[in-house]
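Worth saying up front: this structure is predicted, and the values here are computed from it rather than measured. Naming: A, B, ... by sequence-line order, numbering from 1 per chain.
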There are 2 protein chains.
Amino acid sequence: MSEHHHPVSAPCAGDLFGGSRLSAARRAIAEAVRSLGGAFTAEELHAAVSATHAGIGVATVYRAVAAMSAAGALAPVGSRDGSTLYALCAGGDHHHHLVCTGCGTVVGIECPVDGSLLSSAKSAGYTVTAHEVTLYGLCAACAACAAERD
Amino acid sequence: MSEHHHPVSAPCAGDLFGGSRLSAARRAIAEAVRSLGGAFTAEELHAAVSATHAGIGVATVYRAVAAMSAAGALAPVGSRDGSTLYALCAGGDHHHHLVCTGCGTVVGIECPVDGSLLSSAKSAGYTVTAHEVTLYGLCAACAACAAERD
DNA sequence: TCCTTAGTGAGAATGATTCTCAGATGCACG
DNA sequence: CGTGCATCTGAGAATCATTCTCACTAAGGA
Ligand SMILES: [Mn+2]
Ligand SMILES: [Mn+2]
Ligand SMILES: [Zn+2]
Ligand SMILES: [Zn+2]
């Protein structure tokens with residue numbers, strides 16, 4: 001179904017899963033991830049994939065989320081009501097995410113952790129090995145909606 | 001027991017709890033928080049307080065952690081094995097935390113989210129309302145320990 | 001001192017996530 | 001193309017951090 005839609009360098013549905021095996025369930029889950037567009041919980045992803053492909057178990061969705069995260073295709077972007085939120089991650093260069101708390105859309109942002117912060121950490125005796133940065137806010141549409149609601 | 005140890009502006013044991021009531025259990029919990037020094041889970045805090053003050057329930061510790069967090073005296077600094085890590089927060093000006101993954105010590109760091117990042121978010125149509133930043137690394141002692149272990 | 005109400009402890013409940021297990025199936029290799 | 005086997009799957013049980021319930025106690029303002 002995709003023979004001539006994409007150049008060879010653009011994987012059509014699959015390669016959110018790195019090296020691991022590509023089953024029918026995982027193909028459906030990858031499709032659902034793409035259709036959701038923004039941030040989602042594992043349960044929401046399960047609901048989305050179930051709408052078009054019945055019979056996929058929730059454990060399979062959790063395992064797929066873990067596999068996609070390990071492959072770097074998914075990134076955790078906070079939590080909602082005790083459930084972890086995930087979003088499709090562009091990959092490539094190092095970056096972080098800005099999540100609309102209204103609709104869940106996500107955009108990549110450049111990393112604000114710079115040499116000056118790292119050197120001030122170093123002067124406190126620390127070697128920084130990792131960091132987490134996530135921004136939250138409202139996209140234009142959600143901000144407009146919130147404004148007219150007064 | 002603290003009549004003349006501190007000037008009036010330095011609360012002796014209590015005021016991690018903002019405006020709320022100061023019970024014996026909460027006094028003991030505040031003391032345990034101080035004795036732990038670094039990052040801790042609710043269970044670890046419960047164990048620490050239980051060592052010196054038997055009979056305090058785990059639910060009370062969870063409630064105390066929530067109260068201290070609401071008062072701004074405690075900040076979440078990541079998680080370990082599925083449990084949230086908390087640390088005493090200096091309060092005052094806006095800052096974030098750098099946690100030693102070896103021993104759990106925490107230091108405050110200046111906020112790296114600057115106007116340029118916010119304006120690039122704005123040019124993407126987003127209004128930023130909140131952000132989370134946490135750094136992880138090794139303190140001098142833990143780095144030395146890791147180095148000699150080769 | 002009294003009263004109101006927030007805080008407490010024990011245990012049950014909740015709920016997200018992980019695990020177990022027997023069966024199915026990608027896919028590398030010949 | 002087969003075959004073999006490691007990986008994946010679905011159902012349900014299990015785990016376990018955190019929250020809730022409830023009867024009771026005790027801050028602390030009046
Ligand atoms: Mn990304
Ligand atoms: Mn702090
Ligand atoms: Zn970064
Ligand atoms: Zn900040």
Between atom [atom1] in [X] and atom [atom2] in [N], what is the gap in whole Å?
X	N	atom1	atom2	value
B/R26	D/dT25	CZ	P	19 Å
B/D81	C/dT17	CG	P	16 Å
B/F17	C/dT8	CZ	C1'	13 Å
A/D15	C/dG26	CG	P	16 Å

- prompt: When the C1' atoms of the five terminal pairs at each end define the local axes, what inter-axis angle does the helix from C/dT1-D/dA30 to C/dG30-D/dC1 show, to 10 degrees?
  reply: 50°

message: Applying side-chain contact (heavy atoms from CB on, under 4.5 Å) to B/H95 and B/I109, what does each step give before you reach the verdict?
response: CA-CA 6 Å; B/H95 65 279; B/I109 54 172; 6.0 Å; no

What heavy-atom pair brings [X] and [Y] nearest, and what distance separates the two atoms?
X	Y	result
B/C100	B/C142	SG-SG, 3.6 Å
A/R63	A/R26	O-NH2, 4.3 Å
B/C89	B/H97	SG-NE2, 3.5 Å

message: Using the rule given for side-chain contact (heavy atoms from CB on, under 4.5 Å), can you reason through A/H53 versus A/E31, listing the C-alpha separation, both sets of side-chain angles and the distance that settles it, and then say yes or no?
response: CA-CA 10 Å; A/H53 299 76; A/E31 184 184 339; 3.8 Å; yes

- line: Result for side chain to side chain contact (heavy atoms under 4.5 Å, CB included) between B/L45 and one of B/V65, B/L74, B/I56, B/V58 points to B/V65

So, [X] side chain and [Y] main chain: donor-acceptor pair closer than 3.5 Å or not?
X	Y	value
B/T127	A/G137	no
B/E44	B/T41	yes
A/S79	A/G82	no

query: In Å and rounded to the nearest 0.5 Å, what is the OG1 to CG distance from B/T129 to A/L138?
result: 6.0 Å

Below 3.5 Å is the cut-off: list the nitrogen or oxygen pairs between protein and nucleotides 26-30 of chain D, distance only.
residue: D/dA27; atom: N3; partner: B/R21; partner atom: NH1; Å: 3.3
residue: D/dG28; atom: OP1; partner: B/L22; partner atom: N; Å: 3.0

- line: Quick note, salt bridge (Lys or Arg N to Asp or Glu O under 4.0 Å) partners involving residues 97-126 of chain A, not counting sequence neighbours, are none

- request: Output the residues of residues 40-78 of chain B in contact with DNA chain D, where contact means a heavy atom of the residue under 4.0 Å from an atom of the strand; sort by number or write none.
  value: B/A59, B/Y62, B/R63

query: Hey, quick one: are A/V128 and A/V133 part of the same hydrophobic cluster, counting side-chain heavy atoms closer than 4.5 Å, chains of contacts allowed?
result: yes

Show each protein N/O and nucleotides 28-30 of chain C N/O combination with a separation under 3.5 Å, one pair to a line.
none

- prompt: Which ring-ring contact (aromatic ring centres under 6.0 Å, His included) pairs, counting each pair once, include a residue from residues 131-150 of chain A, with sequence neighbours left out?
  reply: A/H94-A/H131, A/H96-A/H131

